[in-house]
There are 2 protein chains.
Amino acid sequence: MLEKQEKIFKALSDSNRIRIIKMLQKKSLCVCEIKDILKLATSTVSKHLSILREAGLIVDWKDGKWINYKINPEPDALVSNALLYIQLQIEDDETVKNDRKLTCCVDRNKLCCT
Amino acid sequence: MLEKQEKIFKALSDSNRIRIIKMLQKKSLCVCEIKDILKLATSTVSKHLSILREAGLIVDWKDGKWINYKINPEPDALVSNALLYIQLQIEDDETVKNDRKLTCCVDRNKLCCT
DNA sequence: ATATCATTTCTATTTTTAACGAAATGAAAA
DNA sequence: TTTTCATTTCGTTAAAAATAGAAATGATAT
């Protein structure tokens, strides 16, 4: 239980991962869309997502050739409270607000099909 | 703000530091008492405490030859919510429960005066 | 003033983490 | 079935974090 809580905090202890959670709390996204907003390598974003998934904070599902990520709709108590906590925090942060603006405009078909 | 939140999560992303917070939420303690419970070197405990202090989660004050640590009584909004969150979580954890039992018995005069 | 002693800072070591590019995977499209 | 392409896994590198012992600090007590 302590280990589970530690894992959740570790997952949230990176600003890029906090940004991902804040984005996903507004809109489901695929890897290439997140990559475009965070300006990181695809493999790096994929790794961040796997850490968040391992902690139980997010889930993924296939949609055609894309894999979408969203907030875990069936979290256990620890995860549920962590998600609620982060949902209420840093709402006024400029980076977070800007990320959200960008999530509205991203177009996976333009981003990925080169 | 995002950086502040990241710092708080980083401070809480180590199980020894979670244990320290859970202990301090029950009782103020000095370094040697925490050292005795966590079974870590004094310098290591001191380092953990400085990380928690830097994040704004705890404060210290002198009491004779000891330096006591307690939960920050005047936390800002981010810290306040984080402290509340952790106060409500993992209450049933065995390690946490055992740590609390031990905090009642520790005697700094026996621990430190060798 | 000096000694004592709890704590912090410094130095070093080991482990963990973040990052990226290249190669592997696996599903969809041609 | 072969190609395409989004994503993951692997291998590597660099940076950060956890740990402990030794030395420094600083306040209390003698």
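Just so we're on the same page: letters track the sequence lines, and every chain starts at 1.
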Exercise. By a strict heavy-atom criterion of less than 4.0 Å, which residues belonging to residues 2-13 of chain B are in contact with DNA chain D?
Worked result: B:Lys10
Problem set entry | Listed nucleotide nearest any side-chain atom of A:Ser43, set D:dT7, C:dA18, D:dT9 | D:dT9
Problem set entry | Side-chain N or O of B:Tyr69 closer than 4.0 Å to phosphate OP1/OP2 of C:dT8 | yes
For this session: Drop me the distance from B:His48's NE2 to B:Ile21's CD1, to the nearest 0.5 angstrom.
Result: 12.0 Å
Exercise. Should we count CD of A:Glu54 as having more than 12 external heavy atoms under 6.0 Å?
Worked result: no
Problem set entry | side-chain contact (heavy atoms from CB on, under 4.5 Å) partner of A:Ile86, the single match among A:Leu12, A:Leu57, A:Ile71 | A:Leu12
For this session: Go through the structure and list residues passing side chain to side chain contact (heavy atoms under 4.5 Å, CB included) with B:Gln89, not counting sequence neighbours.
Result: A:Gln5, A:Leu78, A:Asn81, B:Tyr85
Problem set entry | Nearest-neighbour nucleotide for the A:Ile67 side chain, D:dT8, C:dT9, C:dA19 considered | D:dT8
For this session: Please identify each residue that fulfils side-chain hydrogen bond (donor to acceptor under 3.5 Å, both in side chains) with B:Asp92, with sequence neighbours left out.
Result: none
Problem set entry | Distance-only donor-acceptor test (3.5 Å): side chain B:Thr44, base D:dA18 | no
Problem set entry | Interface with DNA chain D, restricted to residues 49-64 of chain B and to heavy atoms under 4.0 Å | B:Ile51, B:Lys62, B:Gly64
Exercise. Between D:dT19, C:dT9, C:dA19, which nucleotide has the shortest distance from any of its atoms to the side chain of A:Asn16?
Worked result: C:dA19
Exercise. For the pair made of CZ in B:Arg17 and C1' in D:dT19, what is the distance, rounded to whole Å?
Worked result: 12 Å
For this session: Quickly work out the A:Lys47 NZ to C:dA24 P distance and round it to whole Å.
Result: 20 Å
For this session: Please round to the nearest 0.5 Å and tell me the distance separating atom OG1 of A:Thr103 and atom CG of A:Leu29.
Result: 6.0 Å
Problem set entry | Between C1' of C:dA27 and CG of A:Asn68, the distance in whole Å | 15 Å
Exercise. Out of D:dA20, C:dC20, D:dT7, which nucleotide sits closest to the side chain of A:Trp66?
Worked result: D:dT7
Exercise. Between atom CG in A:Asp36 and atom P in D:dA6, what is the gap in whole Å?
Worked result: 13 Å
Exercise. Nearest to the side chain of A:Cys30 - D:dT19, D:dT7, D:dA20?
Worked result: D:dT7
Exercise. Which residues, ordered by chain and number, are linked to A:Val59 in its hydrophobic cluster, where ILVMFWY side chains connect at heavy-atom gaps below 4.5 Å, directly or through other members?
Worked result: none
Exercise. Considering only side-chain heavy atoms of A:Lys65, which listed nucleotide, C:dG21, C:dT9, C:dA28, is closest?
Worked result: C:dA28
Seminar exercise, completed: Residues at least two apart in sequence or cross-chain that pass side chain to side chain contact (heavy atoms under 4.5 Å, CB included) with A:Lys47, listed by chain then number, are A:Ser50, A:Ile51
For this session: Find out whether A:Lys70 and A:Leu24 are in side-chain contact, i.e. whether some heavy atom of one side chain is under 4.5 Å from a heavy atom of the other.
Result: no
Exercise. What is the distance, rounded to the nearest whole Å, between atom NE2 of B:His48 and atom P of C:dT7?
Worked result: 16 Å
